[in-house]
Structure formats: structure tokens, C-alpha cells
Amino acid sequence: LQDSTVVPLLLKALDDDHAYVRSCAALGLGRLRATEARDRLMAVMEEDWDQTVRSRAKEAVERMR
């Protein structure tokens, strides 16, 4: 829906215990092209233990270019 008011909530969801929630949050941030989340997504892309989460974070960062 392109509602940027959800960006803080999606950023918080990147810290969730469940990998599925983290990957959906990264996907949402990418679809919103939330450039303010780029640094956090870069960290998730490199540090998250789950491959899917890392992949979604990478896709999100690439969408922002």
C-alpha cells in the first residue's frame, strides 16, 4: 500500500525470533524502498543466521538502487 508509516514496525520485526517474520519484514522494506532502512538491511544481509532472511535483505537493498 506504500504506507511508509510502517517502516519503524518493519525495522523492529527484523529482530524477531522467527526467521519467517524477519524475511517478510525485509521483503516489505524492499517493496517500500525504505532507504532509511538500508544500513540495517545491509547488517541483516551479512549477519543473520538464516539464508532466506539474508537473501530477502539482499533483494531489498538491490531494490533501493
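No hydrogens, no waters, no symmetry mates; every other heavy atom, side chains included, goes into these values.
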For this session: Run the salt-bridge test on Arg65 and Glu62 with the 4.0 Å N-O cut-off and return the result as yes or no.
Result: no
Contacts of Gln51 meeting side-chain hydrogen bond (donor to acceptor under 3.5 Å, both in side chains) (sequence neighbours excluded), chain-then-number -> Arg54
Asp3 meets the side-chain hydrogen bond (donor to acceptor under 3.5 Å, both in side chains) criterion, sequence neighbours left out, with Thr5
Shortest non-hydrogen pair, Gly30 vs Ala60, comes out as CA-CB, 3.5 Å
Using a 4.5 Å side-chain heavy-atom cut-off and chaining through intermediate ILVMFWY residues, the residues clustered with Met42 come out as Val6, Val7, Leu10, Leu11, Leu14, Leu29, Leu32, Leu41, Val44, Met45, Val53, Val61, Met64
Residue pairs meeting salt bridge (charged side-chain N to carboxylate O under 4.0 Å, His left out), one or both in residues 6-30, sequence neighbours left out, come to Asp15-Arg40, Arg22-Asp48
Contacts satisfying salt bridge (charged side-chain N to carboxylate O under 4.0 Å, His left out) that involve residues 26-36 (not counting sequence neighbours) are none
